[in-house]
**Student:** 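Quick one: the structure is below, questions incoming.
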Amino acid sequence: MADLLRKPTATHGKVHDITAQSANWGYVGFGLYHLEPGETASEPTGDREVILVLVEGRADISVDDQKFGELGDRMSVFERKSPHCVYAPNDANWTAQATTKCTLAVCTAPGKGNYPARVIRDIEMVERGKGGNTRYIHPIAMEESDVADSLLVTEVFTPQGNWSSYPPHRHDEDNYPEMTYLEETYYHRLNPEQGFGFQRIFTEDGALDETMAVQSGDVVLVPKGHHPCGSPYGYEMYYLNVMAGPMRKWRFQNHPDHDWIYQRDSK
């Protein structure tokens, strides 16, 4: 099996530390902290830009000498409230001190110094899909928001029994405007916590075809290919996506065998 499913390495502190080097690709990095009240996480950004996502809980966040104060508006990600996030450019230092129990995601990609540190919030929820393909999106930093050099970040809530990132689609060719090359990570959560979901990563030529049972807290790497996921009856699925590539645009193509679903539902 390809090394696409990453389990948390601990229950406390930095539990995920996925770099472009450890993922064996060129752009996306993803980290995750579990902090207790009063604990601090701090990192230099180096040559990478960062979007900090307060998945759960509250924290005082600063970037260099800019203090943004206490942020965070949900104690459980499944409250579906708009997330509070902070953008930090390359060549900066960020610090987060938890004021409650806190889950903090660290989304990274190459930075170019074009954007200042800032808070990102008041993100509207968007409904996507129909029937058993319905899901709900918080587009934290997608193409239409002019907030980052490379990063595309979004979070998705998939109701119990539904499919997501579906019909299967891929964005693994640098062929704009038809498609853009974007690496991607999925940070999964399940509600209730003991649940599981499924994700399949596959290419049309069959060279890559892996199906994984994901548990709450797992991260899935998508280096190429189609990448749908599904949540069994009784369990709601959340995931946080981080994407980046040579161009900050999201252009994809549906799998030719399954594009009829998109065409039907778009009418």
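Side chains included, hydrogens not; waters and symmetry mates left out as well; all remaining heavy atoms used.
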**Student:** May I have the step-by-step check of side-chain hydrogen bond (donor to acceptor under 3.5 Å, both in side chains) for Q253 and H171, ending in yes or no?
**Tutor:** CA-CA 7 Å; Q253 289 184 2; H171 38 71; over 6 Å; no
**Student:** Stepwise, does the side-chain hydrogen bond (donor to acceptor under 3.5 Å, both in side chains) test hold for Y115 with D146?
**Tutor:** CA-CA 9 Å; Y115 296 90; D146 190 22; 2.4 Å; yes
**Student:** Hey, what's the ring geometry for Y239 with Y186, parallel, tilted or perpendicular (30° and 60° as the breaks)?
**Tutor:**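 Ring orientation, 0 to 90° scale: tilted.
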**Student:** Taking the side chain as everything from C-beta on, heavy atoms only, tell me whether H16 gets closer than 4.5 Å to K7.
**Tutor:**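 They are not in side-chain contact.
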**Student:** State, with a plain yes or no, whether a side-chain heavy atom of D149 is found less than 4.5 Å away from one of L151.
**Tutor:**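 Contact flag for D149/L151 side chains = no.
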**Student:** Please report the C-alpha distance between E70 and T99 in whole Å, then the side-chain angles of each, then the deciding distance to 0.1 Å, and finally whether the side-chain hydrogen bond (donor to acceptor under 3.5 Å, both in side chains) criterion is met.
**Tutor:** CA-CA 8 Å; E70 187 182 47; T99 56; 2.6 Å; yes
**Student:** With a 4.5 Å limit on heavy-atom distance, are the side chains of D259 and P167 in contact?
**Tutor:**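 They are not in side-chain contact.
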**Student:** Got M212 and F198 here, is their nearest side-chain heavy-atom distance under 4.5 Å?
**Tutor:**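 A side-chain contact under 4.5 Å is absent here.
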**Student:** Say whether, by atom type as modelled, one donor and one acceptor occur between the side chain of N133 and the main chain of Y166 under 3.5 angstrom.
**Tutor:**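 Yes, the answer is positive, given that a donor and an acceptor are paired below the 3.5 Å cut-off.
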**Student:** Using every non-hydrogen atom in the two residues, find where V242 and G29 come nearest and quote the distance to one decimal.
**Tutor:**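 Minimum heavy-atom contact is CG1-O, 4.3 Å.
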**Student:** Answer whether the closest heavy-atom distance between the side chains of L71 and V86 falls below 4.5 Å.
**Tutor:**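 SC-SC contact between L71 and V86 confirmed.
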**Student:** For F202, which residues count as a ring pair (Phe, Tyr, Trp, His ring centres under 6.0 Å) partner, sequence neighbours excluded?
**Tutor:**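 In terms of ring pair (Phe, Tyr, Trp, His ring centres under 6.0 Å), with neighbours along the sequence ignored, F202 is linked to H226, H255.
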**Student:** Apart from M179 itself, what residues make up its hydrophobic cluster when side-chain heavy atoms of I, L, V, M, F, W and Y under 4.5 Å apart count as a link, directly or indirectly?
**Tutor:**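 None, because no other hydrophobic side chain comes under 4.5 Å of this residue.
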**Student:** Can you confirm whether E127 sits close enough to T134 that some side-chain heavy atom of one is under 4.5 Å from a side-chain heavy atom of the other?
**Tutor:**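 Yes, close enough: below the 4.5 Å cut-off.
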**Student:** Using the side-chain hydrogen bond (donor to acceptor under 3.5 Å, both in side chains) rule, take N241 and E184 through it: C-alpha gap first, then chi angles, then the decisive distance, then the call.
**Tutor:** CA-CA 7 Å; N241 283 142; E184 187 168 17; 3.3 Å; yes
**Student:** Ignoring hydrogens and angles, tell me if any N or O in the side chain of T45 forms a donor-acceptor pair with the backbone of D91 under 3.5 Å.
**Tutor:**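 Side chain of T45 to backbone of D91: a pair is present.
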**Student:** Which residues pass the ring pair (Phe, Tyr, Trp, His ring centres under 6.0 Å) test with H84, sequence neighbours left out?
**Tutor:**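 By the ring pair (Phe, Tyr, Trp, His ring centres under 6.0 Å) rule, H84 matches no residue at all.
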**Student:** What do you reckon, are the aromatic ring centroids of H169 and F252 less than 6.0 Å apart?
**Tutor:**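 Centroid separation for H169 and F252: below 6.0 Å.
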